[in-house]
A.B. asks: 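Quick one: structure below, then a few questions.
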Amino acid sequence: MEPLVDSWGRAIESLRVSVTDKCNFRCTYCMPAEGLEWLPKREVLSFEEIERLVRVLARMGVREVRLTGGEPLVRRDLPELVRMLAAVPGVEDLSLTTNGVLLDRLAGPLVAAGLKRINVSLDSLSHVRFTELTRRDALDQVLRGLEEAEHYPELRPIKVNCVALKGFTEEEVPALAELARRKPYVVRFIEFMPLDADEVWREDRVLTGAEIRALIEERWPLVELPAAQSSTARRFRFADGAGEIGFVNPVSEPFCSACDRIRLTADGQLRTCLFSRREWDLKGPLRAGASDEELERHIRFAVRHKELKHRISDPGFVRASRSMSQIGG
Ligand code: SAM
Ligand code: SF4
């Protein structure tokens, strides 16, 4: 089978699947306090529909599938979808990004179903500030979810993702760095991107990876580790050997030239970039009875139009057509 390659020569090997646009948090950098208008149920792909599209994409070279949302763990029976996707030939890596609030109950069933890796979002280790940011008083529950994940050695690495906001995250950095040192978690700081539904993003609210690294190195020197070419993160270990830290710097150090990723929204739209203004409908053809070959043609056509790069820092930047939780971050 001809590999899935875009017009700039990038092979597509990684897929993010949003399983729901709903969420039980309201993170200020993502969703409005009152939530968003949720997709009607009939618009959301069934597990069978997701599996069919993943099967077609895996035949075309997609090796890595990450489930996300909204909050993926609010989708009922998610372990069943994991079981279905783990059995798709060609899918070598199956992972999940979650806010962790339901993880203490679901880590076991997810691992049993074939989940390989997990990313848990955690922006603060202070109860008050966690609640301020997520608009939910759920820090202890998330920490319980992380501890539960630790019980399953199959589920490694456990990554903890923190969205770095200027004027907020500086204060969190020492505690999060300590967490990376004392727990088997790779803590990663992600630069704030203009994907928040409230549109409060401004470039001067981005706390860059370099700024955080400098804060950490005031106390603990870091040593850079090699990273895979398609990796979005720069990886560092603490020089004294205790733990690992990562920086995902899409704003200050864009990694678009190595991007191997596409996204499927909960309502079956293919997106070739987080910042796409355009989506490619796969649900329509799928529900109209398209053959695998027809679906493949739709996918190849979309991928040929994959954007060269995002233009966050360009004058006249235009925001994406949907916000982060609706796309599937
Ligand atoms: N609800 C799950 C969670 O929070 O992990 C999965 C979906 S969430 C949209 C996926 C990731 O996107 C999370 O790590 C979240 O912190 C990140 N995110 C959300 N809004 C963002 C923004 N405006 N800029 C950068 N990252 C963002
Ligand atoms: Fe929900 Fe994740 Fe968005 Fe927070 S970042 S509101 S947990 S989707």
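Predicted, not measured: the structure shown is a model, and the values here were computed from it. Worth knowing before you read on, the calculation uses all heavy atoms, side chains too, and leaves out hydrogens, waters and symmetry mates. Atoms within each ligand, like the ligands themselves, are counted from 1 in listed order.
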A.B. asks: For residues Thr20 and Glu71, report the shortest heavy-atom separation together with the two atoms involved.
C.D. replies: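 Smallest heavy-atom distance, with atoms named: CG2-O, 3.2 Å.
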A.B. asks: Can you tell me which residue and heavy atom of the protein come closest to atom 8 (S) of ligand 1, and the distance to 0.1 Å?
C.D. replies: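 I find the closest protein heavy atom is Gly69 O, 4.4 Å.
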A.B. asks: Could you tell me the residue and atom name of the protein heavy atom closest to atom 18 (N) of ligand 1, and the distance to it rounded to 0.1 Å?
C.D. replies: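 For atom 18 (N) of ligand 1, the nearest protein heavy atom is Met324 CE, 3.6 Å.
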A.B. asks: When you look at Thr97 and Arg66, which way does the side chain to side chain donor-acceptor pair (under 3.5 Å) test go after all the steps?
C.D. replies: CA-CA 7 Å; Thr97 299; Arg66 173 172 293 276; 2.9 Å; yes
A.B. asks: Kindly say whether Ser291 contributes a backbone atom to a donor-acceptor pair with the side chain of Glu294 at under 3.5 angstrom?
C.D. replies: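 Indeed, once roles are kept as given, a pair shorter than 3.5 Å links the two residues.
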A.B. asks: Do the side chains of Leu165 and Arg205 get nearer than 4.5 Å, heavy atoms only?
C.D. replies: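 Arg205 reaches Leu165 side chain to side chain.
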A.B. asks: Could I get the full list of side-chain contact (heavy atoms from CB on, under 4.5 Å) partners for Glu2, not counting sequence neighbours?
C.D. replies: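 So Glu2 forms a side-chain contact (heavy atoms from CB on, under 4.5 Å) with Arg300.
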A.B. asks: Using 30° and 60° as the class boundaries, would you call the ring planes of Phe189 and Phe247 parallel, tilted or perpendicular?
C.D. replies: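 Parallel: the ring planes of Phe189 and Phe247 meet at under 30°.
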A.B. asks: Go around atom 1 (Fe) of ligand 2 and count every protein N, O or S atom nearer than 2.8 Å.
C.D. replies: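 Count of protein N, O, S atoms less than 2.8 Å from atom 1 (Fe) of ligand 2: 1.
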A.B. asks: Which heavy atom of the protein is the closest neighbour of atom 2 (C) of ligand 1, given with residue, atom name and distance?
C.D. replies: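 It is Glu71 OE1, 3.4 Å.
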A.B. asks: Can you check which of Phe25, Trp201, Tyr29 brings a heavy atom nearest to atom 20 (N) of ligand 1?
C.D. replies: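 Result: the heavy atom closest to atom 20 (N) of ligand 1 is in Tyr29.
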A.B. asks: For Ser121 and ligand 1, does the shortest N/O to N/O distance drop below 3.5 Å?
C.D. replies: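 In this structure, Ser121 places an N or O atom under 3.5 Å from an N or O of ligand 1.
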A.B. asks: Taking the side chain as C-beta and beyond, is there a heavy-atom pair between Glu150 and Ile158 under 4.5 Å?
C.D. replies: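 Glu150 vs Ile158: side chains touch.
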A.B. asks: Taking salt bridge (Lys or Arg N to Asp or Glu O under 4.0 Å) as the cut-off, I'd like each qualifying pair that reaches into residues 213-223, sequence neighbours left out, listed once.
C.D. replies: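 Every pair satisfying salt bridge (Lys or Arg N to Asp or Glu O under 4.0 Å) with a residue in residues 213-223: Glu178-Arg219, Arg213-Glu217.
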A.B. asks: Would you please name every residue forming a side-chain hydrogen bond (donor to acceptor under 3.5 Å, both in side chains) with Thr208, sequence neighbours left out?
C.D. replies: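 Thr208 satisfies side-chain hydrogen bond (donor to acceptor under 3.5 Å, both in side chains) with Glu211 once adjacent residues are dropped.
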A.B. asks: Is it the side chain, the backbone, both or neither of Thr98 that has a heavy atom closer than 4.0 Å to ligand 1?
C.D. replies: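 Near ligand 1, Thr98 shows its backbone, while the atoms from C-beta on stay back.
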A.B. asks: Measuring from atom 16 (O) of ligand 1, which candidate in Asn99, Val163, Val19 has the nearest non-hydrogen atom?
C.D. replies: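 When every heavy atom of Asn99, Val163, Val19 is considered, Val163 comes closest to atom 16 (O) of ligand 1.
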A.B. asks: When you measure from atom 24 (N) of ligand 1 to each heavy atom in Arg16, Lys159, Gln326, Met193, which option holds the nearest one?
C.D. replies: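 It is Met193 whose heavy atom sits nearest to atom 24 (N) of ligand 1.
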A.B. asks: Looking only at non-hydrogen atoms, which of Ser325, Gly70, Ser323 approaches atom 7 (C) of ligand 1 most closely?
C.D. replies: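 Selected option, by shortest heavy-atom distance: Gly70.
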A.B. asks: Do Arg16 and Leu264 touch side chain to side chain, with heavy atoms closer than 4.5 Å?
C.D. replies: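 Not touching, per the 4.5 Å side-chain cut-off.
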A.B. asks: Checking contacts here: is it the side chain or the backbone of Thr68 that comes within 4.0 Å of ligand 1, counting heavy atoms only? Could be both or neither.
C.D. replies: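 The answer is the side chain of Thr68.
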A.B. asks: Looking at Arg181, Arg235, Arg188, Arg237, which one forms a salt bridge (charged side-chain N to carboxylate O under 4.0 Å, His left out) with Glu244?
C.D. replies: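 Testing Glu244 for a salt bridge (charged side-chain N to carboxylate O under 4.0 Å, His left out) against Arg181, Arg235, Arg188, Arg237 leaves exactly one candidate, Arg235.
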A.B. asks: At less than 4.0 angstrom from any non-hydrogen atom of Glu191, what atoms of ligand 1 do you find?
C.D. replies: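 Close to Glu191: 25 (C).
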